[in-house]
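One structure is given here, and the rest of the page talks about it.
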Amino acid sequence: MTETLLLSTALFGFPLGVHYVRTSYPLFRKINPIVASYLFGLILVNTGLIGERAVPLLDTIATVTVALSIPLMLFTVNIRSWIRESGQTGIAMVLAALSIALTLGAGRFLFAAGLEDFPRLAGMLVGVYTGGTPNLAAIRTALNVPADLYLAVHASDILLSALYLMFVITAARPVLSLFLKRNGVTERMDEEIVTEEELKPLREVFTREKIKPLSAALALALVIFGIGASFTLF
């Protein structure tokens, strides 16, 4: 019981700590909270601070938090404006999804024979490159992917994405400007945009005026989670 409480406190307390540091000290505002949290998890696992006994608890926390986070994120989407303003963005998304499908289709012939888990690997890669980390975690849960395989895939994604981002903030502008038109986006390619909402202290987020709508959103997410979980019984 004590180990469960300590581990749960560490898992939920670390992201809160990162947020506090980012909002309190301008020097640390460029810390990526998602990357920092995953590095924290990797350190806990690979240094032996948590062992195999923690796997069931970790699986439960991951399942519940991912299931709740997806509807909570979708609540903030203005579907009408997204449809109205998503012209070129939609085309880019379709092309990205097509490129992922073609790449994994080719990968099937190259790697499937040597990788027993290639179908599940392909599913997770489609998820992360079309919808980000929440999709990766959701597909991992749906396909019952082992924790070690999931961490290996995500760690590889973080490493390769870091190399890609290094290209974006260094050589991408001169290379891409050879055949792409300049616009407001390309002029800000080398700047990390940190919104005021990201840097809002928690005491301003959990005010009396905001607790009620936040609680209602969480309650609705729990209802959606319950309905979705009930379908698994069939």
Side-chain angles (χ1 to χ4, degrees), residues 3-4 6-15 18 32-74 93 96-165 221-222 224-234:
E3 292 182 358
T4 299
L6 289 175
L7 181 57
S8 300
T9 302
L11 293 178
F12 289 102
F14 182 80
V18 171
N32 187 311
I34 296 177
V35 173
S37 297
Y38 270 98
L39 289 176
F40 177 66
L42 290 172
I43 290 172
L44 287 179
V45 173
N46 288 285
T47 57
L49 293 176
I50 58 175
E52 293 185 3
R53 291 188 302 175
V55 171
L57 175 63
L58 295 175
D59 281 341
T60 300
I61 292 175
T63 300
V64 174
T65 53
V66 169
L68 292 177
S69 68
I70 292 177
L72 287 171
M73 288 189 296
L74 292 177
M93 182 64 192
L98 179 61
S99 69
I100 295 166
L102 292 175
T103 301
L104 290 172
R108 177 185 180 278
F109 296 99
L110 296 173
F111 305 113
L115 291 173
E116 182 179 350
D117 284 315
F118 183 81
R120 292 194 287 188
L121 286 170
M124 287 191 292
L125 292 175
V126 168
V128 72
Y129 293 125
T130 58
T133 302
N135 272 15
L136 172 66
I139 291 175
R140 175 254 172 152
T141 301
L143 299 181
N144 196 27
V145 177
D148 56 346
L149 180 60
Y150 168 73
L151 288 173
V153 171
H154 199 68
S156 301
D157 169 60
I158 291 176
L159 175 61
L160 295 175
S161 296
L163 296 175
Y164 170 71
L165 289 175
L222 285 169
I224 294 172
F225 173 51
I227 294 173
S230 66
F231 279 105
T232 63
L233 300 176
F234 299 100

Name all residues meeting the ring pair (Phe, Tyr, Trp, His ring centres under 6.0 Å) criterion together with Phe12; count only those two or more places apart in sequence or in a different chain, and write none if there are none.
->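 With neighbours one apart ignored, the set is empty.
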
Ignoring hydrogens, what is the shortest heavy-atom contact between [X] and [Y]? Give both atom names and the distance.
X	Y	value
Ala138	Ile70	CB-CD1, 4.0 Å
Ala10	Pro15	O-CD, 4.5 Å
Gly123	Ile139	O-CD1, 3.3 Å
Ser8	Leu57	OG-CD2, 4.0 Å
Pro71	Ile224	CB-CD1, 4.0 Å

Would you list the atom pairs, donor with acceptor, under 3.5 Å between side chains in residues 100-110 and any protein atom, with sequence neighbours excluded?
from, atom 1, to, atom 2, distance (Å)
Thr103, OG1, Ser99, O, 2.7

I'd like to check the side-chain contact (heavy atoms from CB on, under 4.5 Å) partners of [X]; sequence neighbours left out, ordered by chain and number.
X	answer
Ala67	Phe225
Pro146	Arg120, Asp148, Leu149
Ser156	none
Phe111	Leu115, Phe118

Could you grab the distance from atom CG of Leu72 to atom CG of Leu222, nearest 0.5 Å is fine?
->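 So the gap between those two atoms works out to 8.5 Å.
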
Answer whether the closest heavy-atom distance between the side chains of Leu160 and Tyr164 falls below 4.5 Å.
->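 Side chain of Leu160 against side chain of Tyr164, heavy atoms only: no contact under 4.5 Å found.
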
With Asp157, which residues qualify under side chain to side chain donor-acceptor pair (under 3.5 Å), at least two apart?
->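 Applying side chain to side chain donor-acceptor pair (under 3.5 Å) to Asp157 gives Tyr129, Ser161.
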
Among Leu136, Val153, Thr130, side chain to side chain contact (heavy atoms under 4.5 Å, CB included) partner for Leu125 =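 Of the listed options, the one satisfying the test is Val153.
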
Just grab all the ring pair (Phe, Tyr, Trp, His ring centres under 6.0 Å) pairs involving residues 134-155, residues at least two apart or on different chains.
->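 Counting only pairs at least two positions apart or across chains, the ring pair (Phe, Tyr, Trp, His ring centres under 6.0 Å) contacts touching residues 134-155 are Tyr38-His154.
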
